[in-house]
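Heads up: the structure comes next, in structure tokens.
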Protein chains: 2
Amino acid sequence: MPTKPRFRRRKEDRPNEITEAAFVEFSRKGYAATRVTDVCKRAGVSKGLLYLYFKTKEDLFKSVIRNFVVPQVDALKLAIESSPLPAEAFLRGPFLKLMQELVNSRAQTVIRLLIVEGPKHPDLTAYYCDHVIAEGSAVMQKLINKGVANREFVPSALQEFPQLLLGPVLISVVWKSLFERHRALDTDALIAAQLDLVLKAIKPTHAQEVTA
Amino acid sequence: MPTKPRFRRRKEDRPNEITEAAFVEFSRKGYAATRVTDVCKRAGVSKGLLYLYFKTKEDLFKSVIRNFVVPQVDALKLAIESSPLPAEAFLRGPFLKLMQELVNSRAQTVIRLLIVEGPKHPDLTAYYCDHVIAEGSAVMQKLINKGVANREFVPSALQEFPQLLLGPVLISVVWKSLFERHRALDTDALIAAQLDLVLKAIKPTHAQEVTA
DNA sequence: ATATTAGATGACCCGTTGGTCAGCAAGGGG
DNA sequence: CCCCTTGCTGACCAACGGGTCATCTAATAT
């Protein structure tokens, strides 16, 4: 009888499996504290194999981030730009939901990893800056400007700083990673509160001059 | 002629000097990437001496954080609680200035260090949570509530989530550490914008029912 | 069956770094 | 002036972990 083979050849699946394992390990311990050996164990793979698919530990890390970020961002942009809702309805509906989910999904982990490890990987940061930050800001800006154009909103600093809407998302991510078990925070409510306050501030409820 | 002595005995000053050097090194490279030897070099001290005053590398790190945080927070609380200004004036004046300075001072570095290294040092995080976060929130809450009490402000979610005012501070800290050289951000304006928006939202400019 | 290719293994190498310790020297007291 | 205390030194150690490579074996071609 033929004994069970010690391993199978699965060239196609290995990179994904390793990336997935690396995601878990990096998330838990950060870049420096993660041992390549642990990633291998989790992926059920030997060290040699990992180094067949990834040149260095850093290369592995970058793959983890990029493989996660790219599809997310693309999906996101599409969703936002193809919505027919007016600005406020969109913000209070899909946009709010999206921000709230960000904090409870893998994105949270990725955001944290980028904050923590970013400074050590300048090219990765640059990539992220151009693709996620810049494009994200642009989309949000467009949305606000649209609202201003059809008198839904009054002109405000939010046009220049659309990131303000994401403040509570950042607070939530950081809070969860540091204080979650020590002191609870209702992140959904926090995010909703900021949106509500901002909308109150930029909606023209009372007589207001609009200077071109 | 007596040759210059190789070193002086300065028991009193050593801990501070080492802490100071450690602050610089930890700020630049983070905990894991900082070598104890480098801290020693910067402090002009041998490794043995460092380990005379600090039990481990981690102990040194905690000292750095605590030594910086404690006096800052105390001074801060005093300043806030002893101000006679009405709520809005205080927020637009000293409070705004303080938030803006936070981003350009050593506090920025400490905030970043805590975000990055916090999860690895639970007791340090707990300490920070109780002393800085909890007390800070309480003070801000008091301020907002005071404003609501004398009809300066309308009731709002800001009473429950005073942290919202700090959102842009966090954004600024993170931005500076990641993207500063790649894409500029006027952090002062960002922080001022958030304050302005929030104040617009909670000021009773038009007929508004106040439900007890 | 056998040969060949290439996916996969893991023992090993070696630079790095947190932490130690035997001993040196500053400087105050007798 | 000398001695003793103790602040201080830096060579050294041991563990650790990223990366390599000689080797093995599953799959495939002949």
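Letters A, B, ... mirror the listed sequences (proteins, then strands); counts begin at 1.
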Short side-chain N/O contact from [X] to OP1 or OP2 of [N], under 4.0 Å:
X: B:Arg35; N: C:dT17; answer: yes
X: B:Arg14; N: D:dC8; answer: yes
X: B:Tyr53; N: D:dC8; answer: yes
X: B:Lys57; N: C:dG18; answer: yes

| said: Heavy-atom nearest nucleotide on DNA chain C for A:Leu52 versus A:Gly48: which residue maps closer to 5'? | reply: A:Leu52

| Starting at the 5' end of DNA chain C and moving along, which residue's nearest nucleotide shows up first, B:Arg8 or B:Ala33? |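 It is B:Ala33 whose nearest nucleotide is closer to the 5' end.
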
Spacing of [X] atom [atom1] relative to [N] atom [atom2], expressed in whole Å:
X: A:Glu58; N: D:dG19; atom1: CD; atom2: C1'; value: 14 Å
X: A:Tyr51; N: D:dG19; atom1: OH; atom2: P; value: 4 Å
X: B:Leu50; N: D:dT9; atom1: CG; atom2: C1'; value: 13 Å
X: B:Lys55; N: C:dG18; atom1: NZ; atom2: P; value: 18 Å
X: A:Phe54; N: C:dA8; atom1: CZ; atom2: P; value: 13 Å
X: B:Asp13; N: D:dC8; atom1: CG; atom2: P; value: 9 Å
X: A:Phe7; N: C:dT9; atom1: CZ; atom2: P; value: 6 Å

Indicate the ring-plane relationship of [X] and [Y], choosing parallel, tilted or perpendicular according to the 30° and 60° boundaries.
X: B:Phe90; Y: B:Phe95; value: tilted
X: A:His121; Y: A:Phe61; value: tilted
X: A:Trp175; Y: A:Phe179; value: perpendicular

| request: Answer with base, sugar-phosphate or nothing: what part of the nucleic acid does A:Lys47 contact at a heavy-atom distance below 4.0 Å? | output: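 If one applies the 4.0 Å heavy-atom cut-off, A:Lys47 turns out to touch a base.
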
Please pick, from [options], the nucleotide with the shortest atom-to-atom distance to any side-chain atom of [X].
X: A:Lys11; options: C:dA8, D:dG19, C:dG7; result: C:dG7
X: A:Arg6; options: D:dT25, C:dG19, C:dG27; result: D:dT25
X: B:Arg9; options: D:dG18, D:dG10, C:dA25; result: C:dA25

| said: Is a donor from one side chain sitting under 3.5 angstrom from an acceptor on the other, for A:Gln194 and B:Gln194? | reply: yes

I'd like to know if [X] pairs up with [Y] as an ion pair, taking the criterion as any Lys NZ or Arg NE/NH1/NH2 lying under 4.0 Å from an Asp or Glu carboxylate oxygen.
X: A:Lys203; Y: A:Glu152; answer: no
X: B:Glu20; Y: B:Arg106; answer: yes
X: A:Asp196; Y: A:Lys200; answer: yes
X: B:Glu58; Y: B:Lys62; answer: yes

| note | Assert: residue with more 5' nearest nucleotide on DNA chain D, out of A:Leu49 and A:Thr34, is A:Thr34

| query | Roughly how bent is the helix from C:dA1-D:dT30 to C:dG28-D:dC3 end to end, in steps of 10 degrees, with each end axis from five pairs? | reply |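 Comparing the axis at each end, I get an angle of 10°.
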
